[in-house]
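Remarks on the structure that follows.
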Number of protein chains: 2
Amino acid sequence: MSKDSSRSQFNSITIIDVAREAGVSYGTVSRVINDSPNVKEETRERVKEVIDRLGFVGNRNARSLVSGKSHVIGLLIPDLGTAYIGEIIRGIDYELESIQYNLMLYTTHRREMKESGYISSLIQSGVDGVILILPRNPAIYLEKLRSLNFPYVLVDHQGIDEQGPAVGATNYQGAFDATEYLLELGHRRIAFITGTMDLGCSQERLLGYKAALQKHQIPFTPEWVIEGDFEQATGYSGAQTLMSLVNRPTAIFASNDMMAFGVMNAVRDMGLKIPGDISVIGFDDIFQSSQTMPGLTTVRQPLEQMGREATRMLIAMMKENTIKPGKIELPTRLVTRDSCKPLEAIQGN
Amino acid sequence: MSKDSSRSQFNSITIIDVAREAGVSYGTVSRVINDSPNVKEETRERVKEVIDRLGFVGNRNARSLVSGKSHVIGLLIPDLGTAYIGEIIRGIDYELESIQYNLMLYTTHRREMKESGYISSLIQSGVDGVILILPRNPAIYLEKLRSLNFPYVLVDHQGIDEQGPAVGATNYQGAFDATEYLLELGHRRIAFITGTMDLGCSQERLLGYKAALQKHQIPFTPEWVIEGDFEQATGYSGAQTLMSLVNRPTAIFASNDMMAFGVMNAVRDMGLKIPGDISVIGFDDIFQSSQTMPGLTTVRQPLEQMGREATRMLIAMMKENTIKPGKIELPTRLVTRDSCKPLEAIQGN
DNA sequence: GTGAAAGCGCTAACAG
DNA sequence: CTGTTAGCGCTTTCAC
């Protein structure tokens with residue numbers, strides 16, 4: 001039981017065993033496996049029967065070696081365990097399933113340095129393409145990917161000038177809508193907590209916020225903009241800072257829902273009520289946002305669909321063996337729940 | 001630019017190119033790559049220099065084909081986007097990094113049927129071992145894995161009689177502790193919302209709950225036990241059912257934190273207060289549990305460490321090429337926050 | 001339609 | 001210490 005431990009102990013039976021058993025050459029078995037049209041129907045049936053009977057599965061590595069395709073794509077993500085990433089991956093999975101591709105996972109755990117190292121490792125491991133979710137400093141390795149003509153798609157990092165293949169949501173418009181909604185509710189002192197500013201989506205949201213203010217001729221007040229990092233904790237501390245200003249805002253717009261939760265907790269910990277004392281709005285519409293008390297008004301991003309679109313783009317690129325620039329922006333939508341209130345109501349409180 | 005599109009367009013340079021450039025045989029290059037001791041230091045340096053200069057990376061598929069090892073492990077999970085899974089994966093990643101292994105991800109999205117299909121696909125794709133997190137019906141394919149002597153580790157599915165390699169937490173003890181805590185607070189009418197009962201951990205938690213009641217000579221009341229499924233929604237509906245009983249409980253113990261959040265929402269929606277009107281306790285201690293208002297008292301599972309231990313076991317098995325039965329149970333710990341209150345206080349409310 | 005055979009890039013056993 | 005070589009399991013011409 002430790003004699004045959006040398007190689008590939010698992011799929012022990014090979015194409016040759018099948019060929020012998022079916023009385024054909026192994027080339028023919030290969031044709032059957034690959035649905036080649038040049039096989040007599042009768043032969044095909046016989047071979048298939050043997051394949052089933054023997055439980056032949058085929059060696060992926062051998063196939064990949066000769067064909068140059070691994071049928072695996074790499075997925076580079078900052079972290080797991082946020083509903084945000086989970087929903088995107090659901091979309092990716094969905095599309096991959098239809099073309100029988102597998103997913104190799106590379107989690108950077110937010111250590112920027114790891115990203116470019118992973119890219120090499122990823123190319124080396126022979127994946128056919130890669131999806132980069134919320135990449136940190138893609139510029140470093142994007143050039144490499146491009147020069148290799150290695151298929152990739154960026155998700156949620158449409159750097160303002162980036163022309164490469166990317167999918168994202170209408171961050172600018174979404175932030176604009178949220179801000180305008182608050183303005184229409186009568187708010188004039190609207191604070192904004194940004195995401196990590198090296199991410200395109202964060203920059204665009206800030207721009208949308210500013211544009212809405214400008215459209216309504218509300219002067220931009222720098223002290224009402226706090227730099228956050230998409231984590232709950234900075235939402236919490238940001239709200240504390242904001243609420244301690246002499247000229248405190250009447251509404252806080254957080255760049256994502258997690259930070260909005262932090263804001264809600266901070267506000268509550270100060271003994272204030274939402275939306276009674278202050279209105280709060282988020283971005284993403286992750287699952288939990290409908291579960292909080294009060295429900296969080298937020299900008300919905302079609303995350304699963306973003307995953308789907310990114311995968312479709314990648315598949316197309318892998319098929320044509322070329323990188324096709326072009327970015328897709330999926331529409332966001334304001335989801336109103338109970339965390340915002342007209343300003344009059346707040347003043348009368 | 002579409003001529004050379006046949007195979008392996010990316011790592012174009014091979015061991016042979018390196019050998020030619022370094023003026024050695026390619027066998028020697030292979031030795032250098034594999035840190036074979038039988039290489040003159042000078043030769044080794046020269047080859048390494050060429051490897052760096054040419055940017056040689058090596059073809060994983062070819063290596064895997066001949067060596068029979070892919071340096072990839074498979075991870076089968078029900079779903080993504082829950083903090084629970086994310087923390088376990090963090091632990092897995094951590095251990096894998098040290099031995100330079102990659103992770104192939106198979107998400108079942110809670111479709112039971114997919115599990116056993118994935119197992120075949122997974123063996124076929126040549127992973128060296130597999131970690132199964134919260135598997136649904138592992139019995140179906142566990143036998144197959146065992147007969148193939150395919151290294152695997154179960155996480156959080158210590159079926160009561162399962163002897164195979166597994167890691168989990170002290171579910172029984174954790175549930176016992178939580179229940180006893182409530183009893184010591186004076187509660188006598190303690191409800192319990194189970195997890196999915198086909199999971200060993202759910203069964204053990206129920207047993208722990210019952211055992212604590214018994215120890216304190218509190219009769220077990222079937223109507224206070226609701227079957228849940230670890231999702232927030234069943235916590236919500238379970239609490240509604242419980243609170244509408246004529247003989248309603250004074251405390252609810254949910255088998256995980258997500259369901260406890262559902263309970264909290266339901267209770268609030270009925271206009272009741274936590275812990276003023278009812279005490280709530282959870283299980284897991286995911287990140288958000290410290291962020292709710294009030295903070296959720298819960299049983300902490302060392303999730304990241306569970307991922308680490310599982311990976312270590314798997315690595316050992318892959319090394320020795322054999323399945324070693326034995327399960328590891330990591331200790332849970334009661335984390336008290338503000339969602340529970342002594343019974344007297346509740347009655348006096 | 002089908003068989004034969006040339007590799008894919010690499011490891012490892014065998015000589016020397 | 002280093003070169004040579006036999007495959008790993010499969011795809012894909014090239015004949016017939």
Side-chain angles (χ1 to χ4, degrees), chain A residues 4-48 50-51 54-71 123-126 128, chain B residues 4-48 50-51 54-71 123-126 128:
Chain A
D4 59 343
S5 71
S6 53
R7 60 200 70 219
S8 200
Q9 321 105 66
F10 310 116
N11 310 289
S12 33
I13 72 140
T14 76
I15 204 176
I16 299 191
D17 301 314
V18 175
R20 193 184 322 112
E21 187 77 8
V24 295
S25 74
Y26 70 88
T28 298
V29 177
S30 175
R31 286 185 194 102
V32 172
I33 294 167
N34 294 291
D35 285 318
S36 158
N38 305 320
V39 181
K40 207 199 304 176
E41 196 51 34
E42 181 200 315
T43 312
R44 183 188 305 281
E45 289 312 319
R46 185 152 37 95
V47 172
K48 279 191 167 166
V50 174
I51 286 176
L54 265 47
F56 168 78
V57 281
N59 181 314
R60 276 276 237 295
N61 289 126
R63 292 185 80 153
S64 300
L65 178 57
V66 44
S67 70
K69 301 246 143 272
S70 63
H71 273 229
I123 294 172
Q124 172 182 187
S125 52
D128 295 341
Chain B
D4 59 343
S5 70
S6 52
R7 60 201 70 221
S8 200
Q9 320 107 67
F10 311 114
N11 309 292
S12 34
I13 73 142
T14 76
I15 203 176
I16 298 191
D17 301 315
V18 176
R20 192 183 324 112
E21 186 77 10
V24 295
S25 74
Y26 70 88
T28 298
V29 176
S30 175
R31 286 186 194 99
V32 172
I33 294 168
N34 295 290
D35 284 318
S36 159
N38 305 319
V39 181
K40 205 200 303 176
E41 196 51 36
E42 180 199 316
T43 312
R44 184 188 306 280
E45 290 311 320
R46 185 152 36 95
V47 172
K48 279 191 167 167
V50 174
I51 287 177
L54 266 45
F56 168 77
V57 279
N59 181 315
R60 278 275 237 293
N61 290 126
R63 291 184 80 152
S64 299
L65 178 58
V66 44
S67 69
K69 302 246 142 271
S70 64
H71 273 229
I123 294 172
Q124 171 182 189
S125 52
D128 295 342

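Note on naming: letters A, B, ... go to the chains in the order of the sequence lines (proteins, then strands), and numbering restarts at 1 for each one.
- A 4.5 Å side-chain heavy-atom check between Asn59(B) and Thr14(B) finds every atom pair outside the cut-off.
- Between the P atom of dT11(C) and the CG atom of Asn61(B) lies a distance of 12 Å, rounded to the nearest Å.
- The shortest heavy-atom contact between Asp128(B) and Gly68(B) is OD1-O, 4.3 Å.
- In this entry the distance linking NE2 of His71(B) with P of dC10(C) reads 15 Å, nearest Å.
- Whole-Å rounding puts the Ile15(A) CD1 to dG9(D) P distance at 11 Å.
- For dT11(C), one of the phosphate oxygens OP1 or OP2 lies less than 4.0 angstrom from a side-chain nitrogen or oxygen of Arg63(B).
- Applying the side chain to side chain contact (heavy atoms under 4.5 Å, CB included) test to Phe56(A) and every residue at least two apart in sequence or in another chain returns Ile13(A), Ile15(A), Val18(A), Ile33(A), Ile51(A).
- Between Ser25(A) and dG3(C), a side-chain N or O to OP1/OP2 separation shorter than 4.0 Å is present.
- When the nearest nucleotides of DNA chain C are assigned to Tyr26(A) and Val29(B) by heavy-atom distance, the more 5′-ward of the two goes with Tyr26(A).
- Ser70(B) contributes a side-chain N or O that, together with a main-chain N or O of Gly126(B), makes up a donor-acceptor pair within less than 3.5 Å.
- In this structure, Asn59(A) atom CG and dT11(D) atom C1' are separated by 13 Å, rounded to whole Å.
- Across Ser25(B) and Ala19(B), no two heavy atoms sit closer than the pair C-CB, 3.8 Å.
- Computed from coordinates, the Leu65(B) CG to dG7(D) C1' distance equals 9 Å when rounded to whole Å.
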Report, one line per pair, each donor and acceptor closer than 3.5 Å where one atom sits in a side chain of residues 34-43 of chain A; sequence neighbours left out.
from, atom 1, to, atom 2, distance (Å)
Asn34(A), OD1, Arg63(A), NH2, 2.9
Asn34(A), ND2, Ser30(A), O, 2.7
Asn34(A), ND2, Ser30(A), OG, 3.3
Ser36(A), OG, Asn38(A), N, 3.2

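- A heavy atom lying under 4.0 Å from DNA chain C marks the following residues of residues 32-48 of chain A, by number: Asn38(A), Val39(A), Lys40(A), Thr43(A).
- One interatomic measurement links the two molecules: CZ of Arg60(A) to P of dC10(D), which rounds to 12 Å at whole-angstrom precision.
- Within the 4.0 angstrom heavy-atom criterion, only backbone atoms of the sugar-phosphate kind lie near Val24(A); the bases stay farther away.
- Comparing atom distances between the Thr28(A) side chain and each of dT2(C), dG3(D), dC10(C) picks out dT2(C) as nearest.
- Between Ser30(A) and dC10(D) there is no side-chain N or O to OP1 or OP2 distance below 4.0 Å.
- We find that CZ of Arg20(A) is positioned 15 Å from P of dG3(C), with the value rounded to whole Å.
- Every residue two or more places apart in sequence or in another chain was checked for a side-chain hydrogen bond (donor to acceptor under 3.5 Å, both in side chains) with Arg44(A), and none qualifies.
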Taking only N/O atoms, report every protein-nucleotides 13-16 of chain D pair under 3.5 Å with atom names and distance.
from, atom 1, to, atom 2, distance (Å)
dT13(D), O4, Arg31(A), NH2, 3.3

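- For the helix from dG1(C)-dC16(D) to dG16(C)-dC1(D), the terminal axes (five pairs an end, C1' atoms, rotation from four pairs onto the next four) enclose an angle of 40°, given to 10 degrees.
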